[in-house]
Amino acid sequence: MSETASAASKKLHIKTYGCQMNVYDSERMADLLRPLGYAVSDQAEGADLVLLNTCHIREKAAEKVYSEIGRLKVMRQEKEARGEGRMTIAVAGCVAQAEGEEIMNRAPAVDLVVGPQAYHQLPELIARTTRAKGERLKADFAPEDKFDALSTERQVSGPTAFLTVQEGCDKFCTFCVVPYTRGAEWSRPVASILEEARSLASKGVREITLLGQNVNAYNGLEVDGQESTLPRLMQALSEIEGLDRIRYTTSHPNDMTDELIRAHAENPAVMPYLHLPVQSGSDKILRAMNRKHGRQAYIELIARLKAAVPNIALSGDFIVGFPGETDKDFEETMDLIRTVGYASAFSFKYSKRPGTPAAAMPGQVDEAVADARLQALQALINEQAQAFKASLVGQTIDVLFEKPGRYGQQAVGRSPWLHAVFAEDAAHLIGQIVPVKIVGVGNNSLIGELEKVHA
């Protein structure tokens with residue numbers, strides 16, 4: 001068997017936890033390993049290499065990883081018993097960064113632990129691990145090293161793609177581990193981003209989502225050495241032929257500048273959708289979270305956004321049951337939600353993250369109380385989200401069709417506000433942006449009909 005044929009038989013399975021940035025990182029890890037002959041498999045069973053790309057944001061994140069490692073250990077033993085060679089198990093991402101030493105000590109089945117700023121070294125690390133049959137390695141590098149090493153050429157499978165432009169966070173919210181797992185804020189140079197975006201557009205990508213832990217703090221360098229801003233970057237991206245839609249996430253209210261608000265109003269490529277976490281509507285809780293903004297400042301910012309972009313859809317993050325949260329604090333959060341009006345939101349019960357200041361705060365909220373608050377908040381958000389979708393019924397909107405639907409010639413696309421839109425007889429339009437009349441609403445989607453010219 002030739003080396004090429006042998007290489008092509010290697011199976012890579014990546015299990016991705018958490019945020020969109022981890023999705024992007026997983027795609028780049030697959031790109032890095034493809035020249036070594038690894039083809040991505042949907043199944044862990046029988047894989048030659050399994051990568052767990054972990055997230056440390058949610059409760060019991062590490063325990064879920066250990067549970068998965070135990071399952072993979074059994075699969076590896078079965079693979080070896082069948083005479084099919086050895087499965088290499090690697091843990092990447094934020095849990096790897098935060099708990100690397102513990103993983104290496106607690107889970108001997110793991111061959112490789114690699115943090116989110118080190119995955120560009122995967123080909124070398126995997127080769128060394130394979131040769132050493134279990135050498136256990138950990139690597140840590142600055143983000144600029146990673147992006148300098150990554151090719152801007154990527155394999156894509158549809159008309160939408162993520163593109164990381166910023167990493168890390170300097171805000172140090174008391175509940176958050178990101179500053180400790182992703183490091184300080186760092187922005188990619190403009191030229192590097194544009195090169196990757198041009199490559200994506202040349203492969204049929206029509207919409208990109210710019211990613212960063214604090215993406216609206218972007219200040220990457222221009223070719224002349226001057227600092228750019230997110231609005232200027234988006235303007236340059238919108239001038240790339242074929243690239244029609246731009247989104248970005250996640251943002252901090254304190255970095256939502258007038259220039260960025262104008263970009264939403266004046267740059268037609270910037271979608272009328274904004275994910276802008278607030279976490280709480282109580283000034284007392286916001287101070288305890290070290291959010292560095294108040295309730296009224298957030299509400300006034302939303303008013304300026306709506307004045308500039310009347311059809312904007314707003315999304316947010318909410319944490320209920322933060323230490324010290326009273327019924328009054330929670331009601332202030334509910335009142336803020338009623339005042340703002342959200343098209344969608346992510347909401348969670350507070351959970352302790354080891355090493356964060358909030359983990360040691362007094363006034364930890366009873367689990368049952370937090371559960372009840374979360375259910376009430378989610379019911380209100382769902383009511384608002386359904387109302388927003390219902391307001392679109394009867395309108396004709398532009399939809400970017402992404403992939404086939406479940407039935408016949410059905411296709412699924414994205415509205416400007418990030419809703420999934422289902423339409424019949426649209427499979428031939430995948431990759432195109434076409435007008436669709438909204439005729440119905442699903443639990444998490446819109447139902448559309450093609451304009452006759454496109455049917």
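- Distance alone, capped at 3.5 Å, is enough to place a donor-acceptor pair between the Arg76 side chain and the Met87 backbone.
- In this structure, Arg106 forms a cation-pi arrangement with Tyr66, its terminal cationic atom sitting closer than 6.0 Å to the ring centre and no more than 45° off the ring axis.
- With sequence neighbours excluded, the residues satisfying side chain to side chain contact (heavy atoms under 4.5 Å, CB included) with Glu27 are Val23, Arg154.
- Using a 3.5 Å distance cut-off with no hydrogens or angles, the side chains of Arg34 and Tyr38 do not pair a donor with an acceptor.
- Not one N or O on the side chain of Lys79 forms a donor-acceptor pair closer than 3.5 Å with the backbone of Gly85.
- Here the CG-CD1 distance, from Leu112 to Ile103, works out to 10.5 Å after rounding to the nearest 0.5 Å.
- Between Pro277 and Ser251, the closest heavy-atom pair is CD-O, 3.1 Å.
- With hydrogens and angles disregarded, a donor-acceptor distance shorter than 3.5 Å links the side chain of Glu325 to the backbone of Gly321.
- For the side chain to side chain contact (heavy atoms under 4.5 Å, CB included) with Tyr218, the qualifying choice from Leu210, Ile193, Asp255 is Ile193, the only one to do so.
- Side-chain atoms of Asp111 never come within 3.5 Å of backbone atoms of Thr88 as a donor-acceptor pair (strictly under, hydrogens ignored).
- Aromatic ring centroids of Phe348 and Phe175 lie 6.0 Å or more apart.
- Using a 4.0 Å cut-off between charged side-chain N and carboxylate O, Asp244 and Arg206 make a salt bridge.
- Checking Asn53 against Ser26 by side-chain atom types alone, a donor-acceptor pair falls below 3.5 Å.
- With respect to the salt-bridge test (charged N to carboxylate O, under 4.0 angstrom), the residues Glu195 and Arg198 do not qualify.
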Between Asp317 and His275, is a side-chain hydrogen bond (donor to acceptor under 3.5 Å, both in side chains) present by the stated rule, with each step listed?
CA-CA 8 Å; Asp317 286 353; His275 182 67; 3.0 Å; yes
Please evaluate residues Arg353 and Ser351 with respect to the criterion side-chain hydrogen bond (donor to acceptor under 3.5 Å, both in side chains), reporting the C-alpha separation (whole Å), side-chain torsions for both, the decisive distance (0.1 Å), and the verdict. CA-CA 6 Å; Arg353 299 270 64 83; Ser351 61; 2.9 Å; yes
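- Scored by the ring pair (Phe, Tyr, Trp, His ring centres under 6.0 Å) test, Tyr248 finds His264 as partners (sequence neighbours excluded).
- Between Val399 and Ile433 there is no side-chain heavy-atom pair separated by less than 4.5 Å.
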Exercise. Check step by step if side-chain hydrogen bond (donor to acceptor under 3.5 Å, both in side chains) holds for Asn219 and Ser187.
Key: CA-CA 6 Å; Asn219 64 347; Ser187 297; 3.0 Å; yes
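- Here the side chain of His13 pairs a donor or acceptor atom with the backbone of Ser41 at under 3.5 angstrom.
- With respect to Arg373 and Asp366, no salt bridge is recorded, no charged nitrogen being found less than 4.0 Å from a carboxylate O.
- Inter-residue side-chain proximity for Glu451 and Val436 is flagged as unmet; no heavy-atom pair is nearer than 4.5 Å.
- Residues Gln43 and Lys11 fail the side-chain proximity criterion, which asks for heavy atoms closer than 4.5 Å.
- Contact check on Arg28 versus Glu196 returns a salt bridge, with a Lys/Arg side-chain nitrogen under 4.0 Å from an Asp/Glu carboxylate oxygen.
- Counting heavy atoms from C-beta on, the side chains of Thr54 and Asn22 never come closer than 4.5 Å.
- Closest of all the heavy-atom pairs between Gln213 and Val178 is CG-CG1, 3.3 Å.
- Side-chain contact check for Asn214 and Glu185: at least one donor-acceptor pair (N or O, by modelled atom type) lies under 3.5 Å.
- Judged purely by distance below 3.5 Å, without hydrogens or angles, the side chains of Thr160 and Glu207 never pair a donor atom with an acceptor atom.
- Residues passing the salt bridge (Lys or Arg N to Asp or Glu O under 4.0 Å) test with Arg406: none are found, sequence neighbours excluded.
- Remark: side-chain polar atoms of Ser192 are not paired, donor with acceptor, to backbone N or O of Arg188 under 3.5 angstrom.
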